[in-house]
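Here's the structure, in structure tokens; my notes come after.
A, B, ... follow the sequence lines: proteins, then strands. Residue 1 opens every chain. This structure is a prediction, so every number in the text was calculated from the model and none was measured.
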Amino acid sequence: MKPSIVNELAQVVGEKFVSTREDVLHTYASSASMAKNPVRPGAVVRPSDADEIAALLKIANKHQIPVTIRSGGTSLQGEVIPKPDGLVIELMRLNGIQLFEDLRSVRVGAGVTYGELDKFLSKHGLWLPISPESALGCTVAGNVAVNGAGPGSSLFGCTGEMVLGLEIVLPNSEKIQTGSEANPYAPGPFLRYAFGPDITGLFIGSLGSLGVITSVSMKVFKRMEFFDYNMYGFDSYQQAEKFLMELKDNDVNAVFTSLYEGPVLEFFMEMMGDEYGIPPMEWPYRTVSMTIGRVREDMLKSDAKLARNLCEQTGGRVIGIEQFPKNEWEGRFWTFVRACYVHGWHWRTLYHHQTPTNSHRSVEEITKVMDKYGFLGHTAGFVTGHASTNMYPHLYFDPVDPEDEAKIVEAHDELASTLFKTGAVPFKLAPFWKGRMEGTEKYMEFLSQLKRAIDPNNIMNPGVLGGI
Amino acid sequence: MDPSFVQALVDIVGEEFVSTRADVLLTYSVSASIGYDRVVPGTVVRPASTEEVSQILKLANKHKIPVTPRSGGSSLQGEVIPQEDGLVIDLLRLDSVQLFKDLRSVRVGAGVTFGVLDKYLNQHKLWVPVYPDSSLVCTVAGNVAVNGAGPGSGVQGCIAELVLGLEVVLPNGEVIQTGTEANPNAPGPFLRYAFGPDITGLLIGSLGAFGIITAVSIKTFKRMEHFYYQSYGFDTAEGAERFLSELRHNDVSIPMAAIYEGRILEFFLDMIGEEYGIPQTEWPPFTVSATIGRIRKDQLDSDIKMAESICMELDGRVVGVPELPQGEWEDRMWTFVRSSYVHGWWWMMLYHHQAPTNWHRSVEEIWNVMDKYGILGQTAGFLTGGRSYNFYPQLYFDPVDREEEEKVREAHRELSQRLFKTGAVPFKLARYWVEDVEEMKPYLQFIKNLKQNIDPNGIMNPGILGGI
Amino acid sequence: MTEIDLDDLREELLQCRRCGICRNSVYEAKGFDGICPIWRNTSGFETSFMRGKIQVALALLDGTLERTAENAESLYQCALCGNCTQICAAEFHPAHIMETVRYVLNELPNESRDKIAESIKSVDNPYNEDPSSRRVWLEELGLNVPTSSEILYFVGCTSGLRIQNIAKNTALILNAAKTDFAVMENEPCCGSVMMRTGRMEEARENAEKVVDAIKATGAKKVIVSCAGCLKTLRKDYSEKFGIEMPEILHIVEYSKELLAENKLKLKSLDNIKVTYHDPCHLGREMEIYEEPREIIQAIPGVNLVEVNPNRNTAICCGAGGGLRSYDSDLSRKIAADRMKAFEETGAKTVVSACPFCETNLIAGSKLLDSDIEVVDVVDLLRRAIE
């Protein structure tokens, strides 16, 4: 990057918080996304507030420098891989937390992680009941930008559902506030759907391509204190899928419900069984691992009983092992990271949603691709919101074997195509979906049009939204 | 209107469904919005399909004819008052209903009313659990376009929270589908947050300014069968406000809960008390009229107990008049219409949302304005989504007294400004809310920018979104 | 040390899948309240915490980054405190592997590292002090301590040459318990800092010298009062060099035995509120968390309050891993940051069990203008001995 531009950046954030050092640029060339080629940016800045970000975007726009917004750097699908010689704006210094206890909401700066927020809220007997599996490194704002999900989503949906408003610096450097806080007289965040069209939604899942989310206002809830952990076994996927829908229909408060295929669960148990203290056993064709949670004890007992009945009515059996779901839930900030890394492989993920009654199709396609290309991997999914399952297949490769890695990249691309044909949908419109979504051309054109309207110089994370 | 243009419309929808007759145009010059001046359009067209809507918009765009989409015509704040000599597209012929039982969702054409849908879903023991007060005429699509709320919102929030996807005809005539159905292979609607930014949200509350919603995919739920109706009394507004917040905080399921100030309730019951069979009661200064509803009986019993104990903790009392909430809930598709018209006045409406701690501020300001202008009116607010009150103040006037109507219009304007300063927010972005508010300018500018790009010829309901 | 297999090293570094929880995890249920003190106390770019350091290491090893002093800076800007290892979900030890990387890349220029190594080689201590002054403090005490005995007090460079109170009080405690012990005439340095900074070959030569010197004293048991000496003598010598050592005990471990055997009589210290700093080498490396606390709590009138975070998730004082010499300003800043946390406990005294931590915490205290006193466990224990 030209020294004169770097100088302009330094005038905004101060010398200390801009870097063009080779080593620093190298570390911003990648993120937690594996099997992505690193791309070295031209400069990295660490601003402290929205006004600085506005000034930075002005400079970037003036010189037409591509900008990549990054906070925790935990995303897995290349969302924050910069452009060559581009500018990375890292948001970790935006760290305020403001609680609105009366409004049952909280406003946090873009640098606040789920771990930090949870510690803060737990003091008040509150929580934000959804956290991504990367909760210790992932920021709330970053997760809104990718619209993630995780433990808690089985009841509350994806992160998008928790948002009450956003503070956004637009590419043209204007700062806007969405939701009820758009009214400067409002006592705080209490409603997302204020002032007409849901502008908040436009930025949820926008992957930093439409502006910079500098602050997010989120719903908070009374922290549940009563939980029931159990596993439920089924001999067919139809039974298991029906069980999941029956739970929903009958208002069983499952905060986290995962559906495992037999061999996948065995593989998990090989890795984690000892750490969880679970005895070796033969797992059924399909296993549902479920945490039910309630703020009231009598409601929990009622739910737990009904869940067992529904399991039996749909032809399943109650396995009676509580350690597994309990570890998933209580250890939710760490245990999934552990399961992702304990085995030593590198992998690519391919996040997608499938309706619960179709989740077996994802398993089938993933198995097919693994067989065809001859590699290891696994997939499982957890119920999200009203009627969806969030699937997170992992395709493993050996990081020191470039051939193996190339094979995985190819398999991954093929899988995106075949999954799309099963009716799966991406929530993160990651670049690899580009060209693999036949029939969405007009939708994508509309998105492009919005992108052009909001970011005419196309400086904001170009290409990240399915190639836009 | 140019006869060749009318002929082109005839070519699309057939002679029968185009009208330029003066009597017909007159009926489309108004809607249920009282206190608004009538504007006579040039043509009304009643297409039968999305494809026809698409062709009509292509034509209108080419000829730069202003378009007002309209379905039930039941909106109360001038949302479908057409442009002079403009084109009205009446969507009531788009009347398909498609149930996706496995996906817990339904897709309805833009002409389907809540009443029609409710009857259909009832056969399957399902429902869409938010009912606008105008359910018998209001279409689901129309309600999504204005983002309404109503009985049921106490648990579910506004209608937006239930939407899973939209079919939209853009101003250029292109048809896009949002949500999971954007994937043509998807088994149906099961997730709103698919394919990146929440485009669905952008169309919710857009008042037809960005395009025409031709189909809505929306969540369905198992119909609740267990209800409990009760009125709770409080000496202070704060007590009543806290009560409802605490109910939601402790997971008490209250699909409908409204707070009434004593004198407003008296006034209200003067009108319809007898029809409801409500006994003469010594009403407390503040009354919460609540419907508790559950799918399961034991849950309901638990909720009833919980509600009582919270009421006691807050120094409230159980009033013991179930007839009020029961009338509101059981007769929810008609009773609010009845109470809006039984008294004989005409009125202007000023929908807004207020923070959960701020219910009393709206009531205060409405009294202030009624006192200042010497007009009659009433207001109450019902809980929406557990963090907000939906207010529907009505300012009465005599339809044959032009001067009084003018006074009410002026009072209405002033009230919007006063309410804004209490921190209230509109969910419908009417011009009078935001004009001259300095802090809102970047926000409006952003919407304007979107509007200009999505609808470069400005044909879609121009002026409706905050004057844009 | 055997030759490092670079492929193995790379494979181990690739255990890092860049999840980033080594930056600032707050994980209340497991006691974590922030991870990397370097990230917190610098401009905070990615190179400051372990995820970035591993990326830099890989790039320096494979040539993606040119091997220059500047590009290697982040490798040395690390206290090797090991808090990242505690939170790391992968199967490797980031702090230990960073030592190996420093060794493999030890041809890269680093003035402070080389100066320390030279000093240890020539005068047996990293401070370039006259080695003949090592027993001066004993003369000041007026104790007659031999140079050979079954129990050896291995004083360590910082206690012997810088914070001699620790040496004195350790000796007084042993004396009060009637333990016969020796102190060497020319005590060599344990070489800890050489290992940390990548001068492994010199560290091995030095270790052989240390072993010979200890053998010469006839010691069957070696007591140390420094957490670094403890880890180096007890763990590193055997693991890295395969050297057999006599039993090595930290004074907190030994004092616990003395207390259990009623060999120390304690008087009440008037109602003082203290907090405890877990030295990284004592805590995370040796997993000695309870002994110092038990000693503190054994003293009547002393009220121990815990700092947040503590034990295995404690934040480092900032002195370790050669950082104190490599970037002393940063090192002090980290100490000041840690002192802030101690202030929040309301305690007036911070107790540590490592002279190196104490030195740095005092420096941090000055920077912060804090009036909290920083002492060693032996200082407190000595005060309570009748």
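To the nearest 0.5 Å, the span separating CG on A:Leu136 from CD1 on C:Ile35 amounts to 8.0 Å. To the nearest 0.5 angstrom, A:Lys16 atom NZ is 7.5 Å from C:Thr42 atom OG1.
The environment of CZ in C:Arg40 is sparse: at most 12 heavy-atom neighbours from other residues, nucleotides or ligands sit within 6.0 Å. Crowding of A:Lys119 atom NZ: a count of heavy atoms from other residues, nucleotides or ligands under 6.0 Å exceeding 12. Around the CG atom of A:Asp274, the shell of radius 6.0 Å holds no more than 12 heavy atoms that belong to other residues, nucleotides or ligands. Environment of CD in A:Glu403: sparse, with no more than 12 heavy atoms of neighbouring residues, nucleotides or ligands closer than 6.0 Å. No more than 12 heavy atoms of other residues, nucleotides or ligands shown are found within 6.0 angstrom of CD on A:Glu15. Other residues, nucleotides and ligands place no more than 12 heavy atoms under 6.0 Å from the NZ atom of C:Lys366. A:Glu275 CD: more than 12 foreign heavy atoms inside a 6.0 Å radius.
Within the 4.5 angstrom heavy-atom criterion, no atom of C:Asp7 approaches chain A. Within the 4.5 angstrom heavy-atom criterion, no atom of A:Arg93 approaches chain C. For C:Thr68, no part lies under 4.5 angstrom from a heavy atom of chain A. Heavy atoms closer than 4.5 Å to chain A are found in the backbone of C:Cys88, but not in its side chain. A:Ser75 does not touch chain C: none of its heavy atoms, backbone or side chain, sits under 4.5 Å away. Of the two parts of A:Glu90, only the side chain, counted from C-beta on, holds a non-hydrogen atom closer than 4.5 Å to a non-hydrogen atom of chain C. The parts of C:Ala90 that come within reach of chain A are both its backbone and its side chain, each placing non-hydrogen atoms under 4.5 angstrom from that chain. For A:Val18, the part lying near chain C is the backbone, with the side chain staying farther off; criterion is any non-hydrogen pair under 4.5 Å.
Between C:Phe45 and A:Tyr28, the ring planes are perpendicular. Angles over 60° get that label, and only those under 30° would be called parallel.
Using a 4.5 Å cut-off on side-chain heavy atoms (C-beta onward), A:Arg70 and C:Glu46 make contact. Looking at A:Thr27 and C:Arg51, their side chains never come closer than 4.5 Å, going by heavy atoms from C-beta outward. Within the 4.5 Å cutoff, the side chain of C:Ile21 has heavy atoms near those of the A:Val337 side chain. Counting heavy atoms from C-beta on, the side chains of A:Trp334 and C:Ile87 come closer than 4.5 Å.
The main-chain N or O of A:Ser30 is never found under 3.5 Å from a side-chain atom of C:Arg18 such that the two would form a donor-acceptor pair. For the pair A:His26 (side chain) and C:Thr47 (backbone), a donor-acceptor distance under 3.5 Å is absent. Checked by atom type and distance alone, the side chain of A:Arg46 pairs as donor or acceptor with a backbone atom of C:Ser43 at under 3.5 Å.
A:Ala32 approaches C:Cys19 most closely through the heavy-atom pair CB-CA, 4.0 Å. Across all their heavy atoms, C:Tyr27 and A:Glu330 have their closest contact at OH-O, 4.2 Å.
Across C:Arg23, C:Glu73, C:Glu11, the residue that shares the most heavy-atom pairs under 4.5 angstrom with chain A is C:Arg23. The residue among C:Arg17, C:Glu70, C:Glu91, C:Glu28 with the most heavy atom pairs within less than 4.5 Å of chain A is C:Arg17. Among A:Arg40, A:Glu116, A:Met34, A:Arg21, the residue with the largest count of heavy-atom pairs under 4.5 Å with chain C is A:Arg21. Of the listed residues (C:Ser74, C:Gly20, C:Gly52, C:Gly44), the one with the most heavy-atom contacts under 4.5 Å to chain A is C:Gly44. Put simply, of A:Ser134, A:Ser19, A:Gly14, the one with the most heavy-atom pairs under 4.5 Å next to chain C is A:Ser19.
Between A:Glu22 and the options C:Leu65, C:Thr64, C:Val56, a side chain to side chain contact (heavy atoms under 4.5 Å, CB included) holds for only C:Leu65.
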